[in-house]
Amino acid sequence: MDDILPKERAIKASDLRGILEYVNLYRGQTFVIAIDGSIILDENFPNVATDIAVLKSLGINIVIVHGIGRQLKNLAAENSVELSDFYGDKPVDEKTLEYSRLASASASQSVLDAFARLEIKCASTNAVRATELGIISGVDYLRAGRIDKIDFSTVSKLLGFGIVPVFSPLACDREGRLFRINSDLLAAEIASGLKASKLIFLTETRGLAIESETAVAVPISEAKRTLENRRGEIDPRVVSKVEASIRALETSNTPRAHILDGREFSCLLTELFEKVGCGSMIYADEYQKIRKARPEDASIIYGILKISARSQNLVYRSLEEIQEKISRYYVYEMDGSIIAFVCLLDYGGGKAELASLHVQPFYQGHKVGTRMVEFIKMKAKEAGVKTLYALSTKSSPFFTEVCGFRETSPSELPEDRRKKYLESGRNSRVFKANID
């Protein structure tokens, strides 16, 4: 049956509703998309270009970095020549450099042509300056290069005009000598320098896989351990992308890297706009995403809280009250947007309350709330708190079964808090956890 099913699926009007949830989240963000040369030659590449056009229409800044590995292999086969390097990680002799020129020109033109058909403005740029790799462990890498400098001001200006910058894995040094560089590392450097919210690799595999099992979402620490301990079990085409992802994430400028199969229809939109996704995501330490709220966050917290209060999920708090207590709030930030927040109210005497915990609907069920509770427990312990309370009308299983709280009587609350509890009339359930 599989061979008679169409490769493409129709996009339904209802799909757009899901995408619209992300408009405010992603608008103004920058995505760096690294496209392998093999994907540019694949029959699905026009669909990839269409996905990129959708992202552009949502107000997302797009930067493209393309590879030339498959193009070089094809040229070598067509001309019956042996080349010293295909992917920018081995010595590059003069013959290979000349064929790299041809491969790069072909790949770049294919990208420009695909975008032109979709009326996407783009431009090839020489904003990267290279320098030679030189001699490594006694081996002269000849015309293989590394990144010396990237002119991010030029890149930012292009993005400001709505133009998609397109980078090839070739760059000149100060004297105008051409060098071949690794496209994965180039994409990582560009993502980090632009503080891109996402670095996305489109290749011929579904992502980071061990024993045929693809990792859906892994923290950077786990990705490092996998490279160290099981490198030989990873598809060689993916190793460079995992290394580049780690490099970008370690700068703390780029929080997410994705490795997707670019041959899959709608792979970009599926990964970004559906909960399950279709590839592997490597992410920075989650606790790095939780920070102390700043004064400018008060209006955002108020807007979210006001909506939640209408459904009686949270107690209504005025903007003034939030501004007054903003130093007690913590926010979970993803891709430049606040997706969750919580407040730690210290009552003294070793007692405190975890209050106003809220996770934006789309991120519920992804352990964001659990991480926020764990973080607050850690902060409470640092402050010398022995008993942490939480009040809720609808989240009993979450606190008792997931977060290690137990239900208790409202009479156990500190006196001032008990008075407010009775005055509210909400009849919230009271939970407490001992902080060791």
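Treat the numbers as computed from the prediction; the structure is a model and nothing was measured.
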(message) Checking the side chain of Ser318 only, and the main-chain atoms of Glu321 only, is there a donor and an acceptor separated by less than 3.5 Å?
(response) yes
(message) Can you confirm whether more than 12 heavy atoms, excluding those of Asp173, are under 6.0 Å from its CG atom?
(response) yes
(request) Could you go through the salt bridge (Lys or Arg N to Asp or Glu O under 4.0 Å) check for Arg206 and Asp261 one step at a time? (result) CA-CA 5 Å; Arg206 287 182 62 86; Asp261 189 342; 5.9 Å; no
(message) Can a side-chain donor-acceptor contact be found between Asp113 and Ser110 if the only test is distance below 3.5 angstrom?
(response) no
(message) For a quick check under 3.5 Å, do Asp235 and Thr205 share a side-chain donor-acceptor pair by atom type?
(response) no
(message) Using a 3.5 Å distance criterion without hydrogens, assess whether the side chain of Lys56 forms a donor-acceptor pair with backbone atoms of Gly162.
(response) yes
(message) Let's go through Leu305 and Ser356 carefully: what are the C-alpha distance in whole Å and the side-chain angles of both, what is the deciding distance for side-chain contact (heavy atoms from CB on, under 4.5 Å) to 0.1 Å, and is it a yes or a no?
(response) CA-CA 8 Å; Leu305 190 148; Ser356 298; 4.3 Å; yes
(message) What I'd like to find out is whether the side chain of Val331 reaches to under 4.5 Å of the side chain of Ile300, using heavy atoms alone.
(response) no
(message) Is the shortest side-chain heavy-atom distance between Thr125 and Phe167 below 4.5 Å?
(response) yes
(message) Distance check, rounded to the nearest 0.5 Å: Ile39 atom CD1 versus Arg70 atom CZ?
(response) 8.5 Å
(request) Please examine the side chains of Thr226 and Glu222, heavy atoms only from C-beta on, and report whether any two atoms are closer than 4.5 Å. (result) yes
(request) Check the pair Arg247, Leu185 against side-chain contact (heavy atoms from CB on, under 4.5 Å), reporting the backbone distance first and the verdict last. (result) CA-CA 8 Å; Arg247 184 166 181 164; Leu185 291 180; 3.7 Å; yes
(request) State, yes or no, whether a side-chain contact exists between Ser108 and Ser104 at a heavy-atom distance under 4.5 Å. (result) yes
(request) Can you sort out the partners of Phe431 under ring pair (Phe, Tyr, Trp, His ring centres under 6.0 Å), two or more places apart, ordered by chain and number? (result) Phe399
(request) For residues Ser100 and Leu170, report the shortest heavy-atom separation together with the two atoms involved. (result) O-CD1, 3.6 Å
(message) I need the Ile68 CD1 to Tyr87 OH distance, nearest 0.5 Å.
(response) 11.0 Å
(message) For His358, run the ring pair (Phe, Tyr, Trp, His ring centres under 6.0 Å) check against Tyr302, Phe341, Tyr330 and tell me which one passes.
(response) Phe341
(request) Go through the steps to decide whether Ser240 and Asn182 satisfy the test side-chain contact (heavy atoms from CB on, under 4.5 Å), and finish with yes or no. (result) CA-CA 9 Å; Ser240 175; Asn182 181 275; 3.7 Å; yes
(message) I'd like to know if the side chain of Thr96 pairs up with that of Arg180 as donor and acceptor (distance under 3.5 Å, no hydrogens or angles considered).
(response) no
(message) Within a 6.0 Å radius of atom NZ on Lys381, are there more than 12 heavy atoms belonging to other residues, nucleotides or ligands?
(response) no
(message) If I compare all heavy atoms of Val92 with all of Ser84, which pair ends up nearest, and what's the gap?
(response) CA-OG, 3.5 Å
(request) Using side chain to side chain contact (heavy atoms under 4.5 Å, CB included) as the criterion, list what pairs up with Thr50, not counting sequence neighbours. (result) Leu118
(message) Show, in sequence, the C-alpha distance, side-chain angles and deciding distance for Phe31 and Leu268, and conclude whether the side-chain contact (heavy atoms from CB on, under 4.5 Å) test is met.
(response) CA-CA 11 Å; Phe31 294 178; Leu268 271 171; over 6 Å; no
(request) Taking Glu271 for its side chain and Cys278 for its backbone only, find out whether a donor-acceptor pair lies under 3.5 Å. (result) yes
(request) Mark yes or no for whether Ser57, through its side chain, and Val54, through its backbone, hold a donor-acceptor pair below 3.5 Å. (result) yes
(message) Taking side chain to side chain contact (heavy atoms under 4.5 Å, CB included) as the criterion, tell me which of Asp85, Leu142, Leu178 meets it with Leu97.
(response) Leu178
(request) Could you tell me which residues satisfy side-chain hydrogen bond (donor to acceptor under 3.5 Å, both in side chains) with Glu94, sequence neighbours excluded, listed by chain and number? (result) Arg143
(request) For the residue pair Arg291 and Asp297, establish whether any side-chain heavy-atom pair is separated by less than 4.5 Å. (result) yes
(request) Please round to the nearest 0.5 Å and tell me the distance separating atom CG of Asp151 and atom CZ of Arg129. (result) 9.5 Å
(request) Quick one: pull up CG in Leu260 and NZ in Lys241 and give me the separation to the nearest 0.5 Å. (result) 11.5 Å
(message) Does any part of the side chain of Leu55, heavy atoms only, come nearer than 4.5 Å to the side chain of Leu272, both counted from C-beta?
(response) yes
(request) Provide the closest heavy-atom pair for Ala248 versus Leu199 in the form atom of the first, atom of the second, distance. (result) CB-CD2, 3.9 Å
(message) Any carboxylate oxygen within less than 4.0 angstrom of a Lys/Arg side-chain nitrogen, looking at Arg231 and Glu243?
(response) yes
(request) Check whether any side-chain heavy atom of Ile290 sits under 4.5 Å from a side-chain heavy atom of Met372, and report yes or no. (result) yes
(message) What I want to find out is whether Glu250 reaches Lys224 closely enough, with some N-O distance under 4.0 Å, to be called a salt bridge.
(response) yes
(request) Inspect the contact between Arg225 and Glu228 and indicate whether a charged nitrogen and a carboxylate oxygen are less than 4.0 angstrom apart. (result) no
(message) Is any side-chain heavy atom of Asn44 closer than 4.5 Å to one of Glu264?
(response) no
(message) For the backbone of Ser192 and the side chain of Asn253, can you confirm whether one donor and one acceptor N or O come within less than 3.5 Å of each other?
(response) yes
(message) Testing the basics here: between Val218 and Ala223, what is the closest heavy-atom pair and its distance to 0.1 Å?
(response) CG2-CB, 4.4 Å
(message) Quick check: closest heavy atoms across Ala34 and Ala187, and the distance to 0.1 Å?
(response) CB-CB, 3.7 Å
(request) Hey, could you give me the CG/CZ distance between Asp148 and Phe179, rounded to the nearest 0.5 Å? (result) 10.5 Å
(request) Please report the closest heavy-atom contact between Gly67 and Ile40, naming both atoms and the distance. (result) O-CD1, 4.5 Å
(message) Between the side chains of Glu82 and Lys95, is the shortest nitrogen-to-carboxylate-oxygen separation below 4.0 Å, so that they form an ion pair?
(response) no
(request) Find the distance between CG (Leu388) and CZ (Phe405) and round it off to the nearest 0.5 Å. (result) 4.5 Å
(message) If you count heavy atoms of other groups shown closer than 6.0 angstrom to CD of Glu296, is the number above 12?
(response) yes
(message) Assess, by modelled atom type and distance only, whether the side chains of His66 and Ser183 contain a donor and an acceptor separated by less than 3.5 Å.
(response) no
(message) When you measure from the side chain of Arg256 to the backbone of Lys198, do you find a donor-acceptor pair of N or O atoms at a distance under 3.5 Å?
(response) no
(request) Scan Ile52, Leu112, Ile190 and name whichever one has a side chain to side chain contact (heavy atoms under 4.5 Å, CB included) with Ile64. (result) Ile52
